[in-house]
Student: 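Handing you a structure now.
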Amino acid sequence: MSRTPGDSAVSRAATPGQTVGPFYGFALPYAGDHLLVPASHPDAVRLHGRVLDGAGDPVPDALLELWQADPAGRVPRATGSLRRDGYTFTGWGRCATDNEGRFSFTTLRPGAASDGAAPYFALTVFARGLLNRLFTRAYLPGEPSVLDADPLLSSVAPARRGTLVTRPDEHGFAFDVRLQGADETVFLAYPRH
């Protein structure tokens, strides 16, 4: 079917977006960005891992942002994420990856934000070559019945759910973000993003 620019049926598809980064890698990090609580906090835990590309190689200039509920499952409304005061928990942080693609947040264990939901960290990933940021979740490991009941996690194919669940270790919770490949992390789509 032939279409002309005046025809209302002409496709209005968006043009490709500009890639993000690596300029974010040096412009956005700030002192204490990855410390949602001080490491000395009695309930501090670490969420750490690596960002890997499709070949399994580390991505050294990615940037991750973290949002989370507090331990009681409340969404923090406090300001101050960009100027840490050492005691206010804002539930938000930012961390650039190092040369090995590693990142680490020092934070509190999140609680479930609603009935039937499993606790999780929400992550946004910025990295070179991406047309837009990526969204994912890092669920805490726990009872299979709790994870199976989570509305979002239960909607993911069972073979892919593992990409959204952290592994406990001696430092806290480990979670690798794989941008492509057989074990690619499940990424989420949000309207208008």
Side-chain angles (χ1 to χ4, degrees), residues 32-52 58-59 62-78 81 84 87-98 100-127 133-179 181-190 193:
D33 57 1
H34 65 289
L35 299 172
L36 284 75
V37 296
S40 60
H41 190 288
D43 298 322
V45 296
R46 282 183 59 208
L47 172 66
H48 66 100
R50 298 196 314 160
V51 177
L52 305 168
V59 178
L63 187 75
L64 289 88
E65 292 182 342
L66 177 147
W67 285 267
Q68 67 167 95
D70 69 13
R74 296 179 300 247
V75 176
R77 305 279 185 217
S81 293
R84 302 283 187 207
Y87 55 87
T88 302
F89 182 73
T90 65
W92 186 86
R94 180 182 286 154
C95 186
T97 56
D98 67 11
E100 297 298 321
R102 291 183 298 242
F103 67 90
S104 178
F105 292 98
T106 300
T107 186
L108 300 175
R109 185 183 181 109
S114 62
D115 290 340
Y120 65 88
F121 301 98
L123 293 169
T124 303
V125 181
F126 301 84
R133 59 193 163 175
L134 300 173
F135 301 95
T136 191
R137 289 182 178 182
Y139 283 88
L140 300 184
E143 291 295 321
S145 61
V146 173
L147 296 174
D148 289 346
D150 181 84
L152 186 136
L153 197 56
S154 65
S155 71
V156 176
R160 307 269 297 129
R161 287 182 195 162
T163 69
L164 295 176
V165 180
T166 61
R167 303 176 312 278
D169 67 12
E170 67 275 18
H171 304 294
F173 302 103
F175 184 77
D176 291 337
V177 176
R178 298 178 187 278
L179 299 176
D183 296 324
E184 179 181 319
T185 299
V186 171
F187 296 107
L188 310 174
Y190 291 95
H193 287 280

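Residues: numbered from 1 along the sequence shown. All figures in this text were calculated on a predicted structure; none of them were measured in a lab.
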Student: Using modelled atom types and a 3.5 Å cut-off, is there a donor and acceptor pairing between side-chain atoms of Thr185 and backbone atoms of Arg178?
Tutor: yes
Student: Got a sec, which residues hit side chain to side chain donor-acceptor pair (under 3.5 Å) with Ser81, two or more places apart in sequence or on another chain?
Tutor: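 Scan of Ser81 (side chain to side chain donor-acceptor pair (under 3.5 Å), adjacent residues dropped) gives Thr90.
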Student: So, taking the atom named CZ in Phe187 and the one named CG in Leu134, what distance separates them when rounded to the nearest 0.5 Å?
Tutor: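 Rounded to the nearest 0.5 Å, the CZ-CG separation comes out at 5.0 Å.
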Student: For Thr88, enumerate each residue passing the side chain to side chain donor-acceptor pair (under 3.5 Å) test, keeping only those at least two apart in sequence or located in another chain.
Tutor: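 Applying side chain to side chain donor-acceptor pair (under 3.5 Å) to Thr88 gives Asp85.
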Student: Which value, rounded to the nearest 0.5 Å, describes the distance between Leu36 atom CG and Arg84 atom CZ?
Tutor: 5.0 Å
Student: With rounding to the nearest 0.5 Å, note down the distance linking CG in Leu63 to CZ in Arg94.
Tutor: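 Taking CG in Leu63 and CZ in Arg94, the distance rounds to 6.0 Å.
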Student: Hey, what do you get for CG (Asp33) to CG (Leu66), rounding to the nearest 0.5 Å?
Tutor: 11.5 Å
Student: Mind checking what makes side-chain contact (heavy atoms from CB on, under 4.5 Å) contact with Ala72, not counting sequence neighbours?
Tutor: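 Testing Ala72 for side-chain contact (heavy atoms from CB on, under 4.5 Å), a comparison that skips the adjacent residues, returns Asp70, Arg74.
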Student: Mind checking side-chain contact (heavy atoms from CB on, under 4.5 Å) for Thr124 and listing every partner two or more places apart, or none if nothing turns up?
Tutor: Glu65, Trp67, Phe126, Arg133, Phe135
Student: Kindly state each residue pair satisfying salt bridge (charged side-chain N to carboxylate O under 4.0 Å, His left out) with at least one member in residues 155-164, sequence neighbours excluded.
Tutor: Asp148-Arg161
Student: With His34, which residues qualify under ring-ring contact (aromatic ring centres under 6.0 Å, His included), at least two apart?
Tutor: none
Student: Are any non-hydrogen side-chain atoms of Tyr120 and Leu153 less than 4.5 angstrom apart?
Tutor: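 Counting from C-beta outward, Tyr120 and Leu153 never come under 4.5 Å.
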Student: What pairs with Ser104 under side chain to side chain donor-acceptor pair (under 3.5 Å), at least two apart in sequence or on another chain?
Tutor: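 Counting only residues at least two positions away or on another chain, Ser104 forms a side chain to side chain donor-acceptor pair (under 3.5 Å) with Arg46.
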Student: Any chance you could measure Glu184, atom CD, to Thr136, atom OG1, to the nearest 0.5 Å?
Tutor: 10.0 Å
Student: side-chain hydrogen bond (donor to acceptor under 3.5 Å, both in side chains): which pairs involve residues 105-115, sequence neighbours left out?
Tutor: Gln68-Thr107
Student: Among residues two or more places apart or on two chains, list those pairs meeting ring pair (Phe, Tyr, Trp, His ring centres under 6.0 Å) that have a residue in residues 141-178.
Tutor: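 Pairs touching residues 141-178 that pass the test: His48-His171.
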Student: Asp98: what forms a side-chain contact (heavy atoms from CB on, under 4.5 Å) with it, not counting sequence neighbours?
Tutor: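 Partners of Asp98 by the side-chain contact (heavy atoms from CB on, under 4.5 Å) criterion, ordered by chain and then number, come out as Glu100, Arg102.
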Student: Shortest non-hydrogen contact from Leu108 to Phe121?
Tutor: O-CE2, 3.9 Å
Student: Under 3.5 Å, which donor-acceptor pairs link side chains of residues 139-146 to any protein atom two or more places apart or in another chain?
Tutor:
{"from": "Tyr139", "atom 1": "OH", "to": "Arg137", "atom 2": "NH1", "distance (Å)": "2.9"}
{"from": "Tyr139", "atom 1": "OH", "to": "Asp150", "atom 2": "OD2", "distance (Å)": "2.6"}

Student: Can you name the side-chain contact (heavy atoms from CB on, under 4.5 Å) partners of Arg167, sequence neighbours left out?
Tutor: Ala174, Asp176
